[in-house]
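Atom set for the values below is all heavy atoms of this structure, side chains included, hydrogens, waters and symmetry mates excluded. Treat the numbers as computed from the prediction; the structure is a model and nothing was measured.
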Amino acid sequence: MKLSNTLLGLAAIAAMAVNSQMGTAIRVAVGESGSLRYSPNNITAKVGTAIEFNFFPNNHSVVQSSFANPCHPLAGGFFSSFVPTKSSPSGTSFTVIVNDTSPIWFYCSQTSSSHCQSGMVGSINAPSSGNTLEAFITLVENSTASTSPPGSAIGGVLKVNSNSTSASGSGAALT
């Protein structure tokens, strides 16, 4: 009896640890107050954390990139689609789930005003030395063009509020 109670107690503790980690969400403002920024732009997240990108005017996106090729989509990466909005905040969000602790790089693919080259980039779990967010920003500043994936949202969940000016599709959770 004592052994089974101990095992049940340990199982409950393990379940609480998994649930608390899985239930974490980090909100990121996309273009708040007219800035060409993600805030925060350097995110540390555990496995299972939901990263929720919340959109502000005018028209932004979130696209996964690689460190070596900033401002260009990563094959198989996530893309929010473009989220044009006039309301602030718009109530529209794009959420991805962190599946491992490898670095994830992202940017806005809006070519009007060169959002990426203007510093609208960010990272999830960037290392503190070597390929840091600061090193990524240096590569971004030296890039000459941005590209956007074709099509609708992929690799995350796009929740569209009626305050947005268009309703793009939604994709599956980040894998």
Side-chain angles (χ1 to χ4, degrees), residues 15-67 70-110 115-116 118-128 132-133 136-137 140 146 148-149 151-175:
M16 287 187 323
V18 168
N19 286 337
S20 67
Q21 186 177 19
M22 296 299 285
T24 303
I26 297 173
R27 288 177 175 76
V28 178
V30 180
E32 188 173 21
S33 300
S35 70
L36 296 182
R37 300 277 180 263
Y38 296 100
S39 181
N41 68 342
N42 195 8
I43 302 159
T44 301
K46 295 179 181 176
V47 172
T49 301
I51 309 298
E52 182 183 284
F53 295 92
N54 295 289
F55 292 87
F56 289 79
N58 284 331
N59 189 0
H60 301 288
S61 68
V62 180
V63 183
Q64 187 174 359
S65 183
S66 67
F67 182 86
C71 303
H72 300 285
L74 177 69
F78 58 77
F79 173 46
S80 66
S81 73
F82 285 101
V83 181
T85 182
K86 293 181 181 179
S87 299
S88 185
S90 69
T92 298
S93 64
F94 180 70
T95 304
V96 297
I97 305 298
V98 176
N99 288 324
D100 60 47
T101 57
S102 299
I104 299 170
W105 310 97
F106 57 89
Y107 69 102
C108 179
S109 61
Q110 179 61 261
H115 288 201
C116 185
S118 295
M120 196 162 187
V121 298
S123 64
I124 303 168
N125 296 326
S128 57
T132 63
L133 176 60
F136 184 65
I137 290 170
V140 163
S146 294
S148 184
S152 60
I154 189 166
V157 176
L158 181 64
K159 179 183 162 197
V160 178
N161 185 316
S162 61
N163 291 335
S164 292
T165 57
S166 80
S168 298
S170 64
L174 176 64
T175 56

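- Every residue meeting the side chain to side chain contact (heavy atoms under 4.5 Å, CB included) condition with Ser35, not counting sequence neighbours, appears here in chain and number order: Arg37.
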* Pair Val121-Ile137, side chain to side chain contact (heavy atoms under 4.5 Å, CB included): steps then yes or no -> CA-CA 7 Å; Val121 298; Ile137 290 170; 3.8 Å; yes
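- To the nearest 0.5 Å, atom OH of residue Tyr38 and atom CE of residue Met120 are 5.0 Å apart.
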* **Derivation and outcome, side-chain hydrogen bond (donor to acceptor under 3.5 Å, both in side chains), residues Ser93 and Asn54** => CA-CA 4 Å; Ser93 64; Asn54 295 289; 4.5 Å; no
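- Ile43 pairs by the side chain to side chain contact (heavy atoms under 4.5 Å, CB included) definition with Ile26, Val28, Pro40, Ala45, Ile51, Phe106, Ile124, not counting sequence neighbours.
- The two residues Pro84 and Asn59 make their nearest non-hydrogen contact at N-OD1, 3.4 Å.
- Contact between Phe79 and Pro149 at its shortest, heavy atoms only, is CE2-O, 3.5 Å.
- Ring geometry for Phe136 against Phe67 counts as tilted: the plane angle lies between 30° and 60°, on a 0 to 90° scale.
- None of Ser80, Ser61, Ser81, Ser146 except one satisfies the side-chain hydrogen bond (donor to acceptor under 3.5 Å, both in side chains) rule with Ser109; the exception is Ser61.
- Between Thr95 and Ala50, the closest heavy-atom pair is CG2-CB, 3.8 Å.
- For the cysteines Cys116 and Cys71, the sulfur (SG) atoms lie within a distance shorter than 2.5 angstrom of each other.
- The backbone N or O of Ser39 lies less than 3.5 Å from no partner atom in the side chain of Glu32, so there is not a single donor-acceptor pair.
- Scanning all heavy atoms of the two residues, the minimum distance from Val140 to Pro70 falls at CG2-CB, 3.6 Å.
- Scanning all heavy atoms of the two residues, the minimum distance from Phe94 to Ile154 falls at CZ-O, 3.6 Å.
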* Asked: Does the side chain to side chain contact (heavy atoms under 4.5 Å, CB included) test come out yes or no for Ile104 and Phe78, once each step is laid out?
  -> CA-CA 10 Å; Ile104 299 170; Phe78 58 77; 3.8 Å; yes
* Show your working on side chain to side chain contact (heavy atoms under 4.5 Å, CB included) between His60 and Leu36 and close with a plain yes or no. => CA-CA 9 Å; His60 301 288; Leu36 296 182; 4.0 Å; yes
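- Contacts of Ser65 classified as side chain to side chain donor-acceptor pair (under 3.5 Å), with partners at least two apart in sequence or in another chain: none.
- Side-chain contact annotation: Thr101 with Asn125, donor-acceptor N/O pair under 3.5 Å absent.
- Taking the side chain to side chain contact (heavy atoms under 4.5 Å, CB included) definition, one finds that Asn58 meets it with nothing, sequence neighbours left out.
- Side-chain atoms of Lys86 and Pro57, non-hydrogen and from C-beta on, never get closer than 4.5 Å to each other.
- Applying the salt bridge (Lys or Arg N to Asp or Glu O under 4.0 Å) criterion to Glu52, with sequence neighbours excluded, gives Arg27.
- Here the side chains of Gln64 and Leu74 are in contact, with some heavy-atom distance below 4.5 Å.
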* Quick one: do Thr92 and Leu158 satisfy side chain to side chain contact (heavy atoms under 4.5 Å, CB included)? Show the steps, please. => CA-CA 7 Å; Thr92 298; Leu158 181 64; 4.0 Å; yes
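- Using a 4.5 Å heavy-atom cutoff, the side chains of Ile97 and Thr49 are not in contact.
- Remark: Pro103 engages Trp105, Pro127 in a side chain to side chain contact (heavy atoms under 4.5 Å, CB included) (not counting sequence neighbours).
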